Amino acid sequence: MRRISIFGVTGSIGEQTVDLITRAGGPAAFRTVAVTGGRNVARLAEIARSLKAEIAVCADEVQLPALRDALGGSGTEAAAGPQAIAEAADRPADWIMSSIVGAAGLVPGMRALQHGTTLALANKESLVTAGQLLLATAKAHQARILPVDSEHSAIFQALAAEPMEAVERIILTASGGALRDWPTEKLAKATVAEALAHPNWSMGQRITIDSASMFNKALEVIETREFFGVDPDRIEVIIHPESIIHSMVGFRDGALMAHMGAPDMRHSIGFALNWPDRLELPVRRLDLAQLAQLTFRAPDTDRYPALRLCREVMRLRGLAGAAFNAAKEIALDHFLAGSIGFMDMSGVVEDTLDRLSAGPGLEKTAITLEDVLAMDHLARTRAAEAATGRAKGRA
Ligand code: NDP
Ligand code: MG
């Protein structure tokens, strides 16, 4: 029986993974090794019981007694804290879903790869912060990384059996997020609730705001560069409001392969779970006549500074991805807390990158995990300073 673990099981991707596992037979079909969550221990324990997991780990140490209580009599071990999450990734498994949100997903993913485990990667932040390191680790331990982000799953599928030399360009589609039809001058006043009203996809809170600001697409451009090894100038972004085409690969003969489907993450999660087989999945089938048309428009980089900033990050490379992601996470925290405005998020990230690129270290090559974690920490400190400066300016 295949041994699986799910990191970030209480989140949007985690829950959809549990849904697919449960439909496939749950504990009768898979042996669940570890499930991890952040703070929602009630739901974590419920999932651990239903999948009969060996161990359940929450990130929040304070909640360990509550997790133990909730698991009472189940036979599932309980543990807490980032270290315990990393150790859970050391437990032998055949397939691991990496769906923790943010840079916190990096260490457990690296640990899983070091054991040769197949990593289904939803946590794009791992590739943005430490792409080369992650791929080198996978290679050294003959571990496979399967993309779960819908765009990257689409590209992966379009590339099946095609050599990379034949690829001319990759076109990432973007829904445009909740505020796509707002006039640019109104964006600075957008509230958290407004930025959360995503038209097509139901996702975690953080990625939903990142979709509205296009920081999500900026991360995905970097993710594409790292994962598929394509030159940045071959990666394009197009706004496609219907979210039916999940991305496209353009080949040197002019052919464009598009991956289409209903906007449902269970497609790419299921693809990674069943790979290399293609099994039936409970996703809505497209009715093309009813859809009638698909539309596209070019994104405006004045409106979405994130799309310009990611180009600079790819030019710098080295530790710039770690700095970019960390600054973005802090800027988002401040926006969610109401202390900075929607457009201040890109301002905070730009200020942070400017300050850090003036000093040494950002362009460092041959990076280690320690380098990445140190840059992540430093960028968080700088971004918090930048955000506080902007919050004062607003007051
Ligand atoms: P959610 O916010 O819904 O879930 C995040 C998960 O991570 C939860 O289980 C949460 O626990 C846990 N978590 C939060 N902080 C920490 C931490 N510091 N340490 C350990 N665990 C933590 O996120 P999503 O499911 O939306 O996204 C997960 C990842 O997948 C992200 O990298 C995102 O970019 C990517 N992704 C998501 C898509 C989607 O459709 N949702 C699409 C493509 C990619 P708890 O809730 O218990 O606190
Ligand atoms: Mg995506």
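Whatever order the structure lists them in is the order used to number ligands and atoms, beginning at 1. Values in this document were obtained by computation on a predicted structure and should not be read as measured data.
- Polar contact with ligand 1: present for Asn40 (N/O pair, distance under 3.5 Å).
- For atom 6 (C) of ligand 1, the nearest non-hydrogen atom from the set Gly14, Gly38, Ser12, Ser99 comes from Ser99.
- If you check the side chains of Ser243 and Asn200, you find a donor sitting under 3.5 Å from an acceptor.
- Of the protein's non-hydrogen atoms, Ala104 CB, 3.8 Å is the one closest to atom 17 (C) of ligand 1.
- Looking only at atom types and distance, the side chain of His152 has a donor-acceptor partner in the side chain of Thr224 under 3.5 Å away.
- From the protein, the heavy atom lying nearest to atom 26 (O) of ligand 1 is Gly204 N, 2.9 Å.
- Salt bridge annotation for Arg91-Glu77: present, with a cationic side-chain nitrogen under 4.0 angstrom from a carboxylate oxygen.
- Only the side chain of Ile207 comes within 4.0 Å of ligand 1, counting heavy atoms alone; its backbone N, CA, C and O stay farther away.
- Residue His141 places its NE2 atom among more than 12 non-hydrogen atoms of other residues, nucleotides or ligands, all under 6.0 Å distant.
- The residue among Thr10, Val148, Ile100 with a heavy atom at the shortest distance from atom 47 (O) of ligand 1 is Thr10.
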* Evaluation steps, side-chain hydrogen bond (donor to acceptor under 3.5 Å, both in side chains), between Arg308 and Thr301 -> CA-CA 6 Å; Arg308 172 173 53 77; Thr301 47; 5.8 Å; no

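- For atom 48 (O) of ligand 1, the closest non-hydrogen atom on the protein side is Arg39 N, 2.9 Å.
- Only protein atoms were considered; those of element N, O or S under 2.8 Å from the Mg ion (ligand 2) number 3.
- When each atom of ligand 1 is checked for a heavy atom of Asn123 under 4.0 Å away, the hits are 32 (O).
- Residue Met203 approaches ligand 1 through these ligand atoms, each under 4.0 Å from one of its heavy atoms: 39 (C), 40 (O), 41 (N).
- Val101 CG1, 4.2 Å is the protein heavy atom nearest to atom 15 (N) of ligand 1.
- Ionic pairing of Arg31 and Glu54 is present here: one or more N-O contacts between side-chain nitrogen and carboxylate oxygen are shorter than 4.0 angstrom.
- Residues Asn325 and Lys124 bring no donor and acceptor atom of their side chains to less than 3.5 Å of each other.
- Side chain of Ser268 to main chain of Val148: a donor-acceptor pair is present (N/O by atom type, distance under 3.5 Å, no hydrogens or angles).
- Ionic pairing of Glu46 and Arg49 is not present here: no N-O contact between side-chain nitrogen and carboxylate oxygen is shorter than 4.0 angstrom.
- Ligand 1 has a nitrogen or oxygen under 3.5 angstrom from a nitrogen or oxygen of Gly8.
- For ligand 1, the atoms sitting less than 4.0 Å from at least one non-hydrogen atom of Ile85 are 20 (C), numbered in the order shown with element in parentheses.
- Of the possible polar contacts, one joining the Asp94 side chain to the Arg3 backbone as a donor-acceptor pair under 3.5 Å is found.
- Of the N and O atoms on the side chains of Gln114 and Thr137, not one donor lies less than 3.5 Å from an acceptor on the other residue.
- Looking at Asp149, Ile47, Asp264 and measuring to atom 43 (C) of ligand 1, the nearest heavy atom belongs to Asp149.
- When only non-hydrogen protein atoms are considered, atom 4 (O) of ligand 1 lies nearest to Gly11 CA, 3.1 Å.
- Under the 3.5 Å distance criterion, with hydrogens and angles disregarded, no donor-acceptor pair is assigned to the side chains of Thr381 and Glu385.
- Between Ala59 and ligand 1, a contact under 3.5 Å exists for no N or O pair.
- Residue Phe342 is tested with Phe215, Phe335, Trp182 for a ring-ring contact (aromatic ring centres under 6.0 Å, His included); the sole match is Phe335.
- Heavy atoms of Ala122 found under 4.0 angstrom from ligand 1 belong to the backbone as well as the side chain.
- Neither the backbone nor the side chain of Val41 has any atom closer than 4.0 Å to an atom of ligand 1 (non-hydrogen atoms only).
- A heavy-atom separation below 4.0 Å is found between Met265 and ligand 1.
- Here the heavy atom of the protein found nearest to atom 34 (O) of ligand 1 is Lys124 CE, 3.2 Å.
- Remark: side-chain polar atoms of Gln63 are paired, donor with acceptor, to backbone N or O of Arg39 under 3.5 angstrom.
- The residue among Thr17, Val128, Leu121, Ile13 with a heavy atom at the shortest distance from atom 25 (O) of ligand 1 is Ile13.
- Residue-level proximity to ligand 1 for Glu125 is carried by the side chain, the only part with a heavy atom below 4.0 angstrom.
- At a threshold of 4.0 Å, the pair Asp351-Arg355 does not count as salt-bridged, since none of the basic side-chain nitrogens sits closer than that to a carboxylate oxygen.
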* Asked: Could you walk me through whether Asp19 and Thr22 pass the side-chain hydrogen bond (donor to acceptor under 3.5 Å, both in side chains) check?
  -> CA-CA 5 Å; Asp19 175 66; Thr22 305; over 6 Å; no

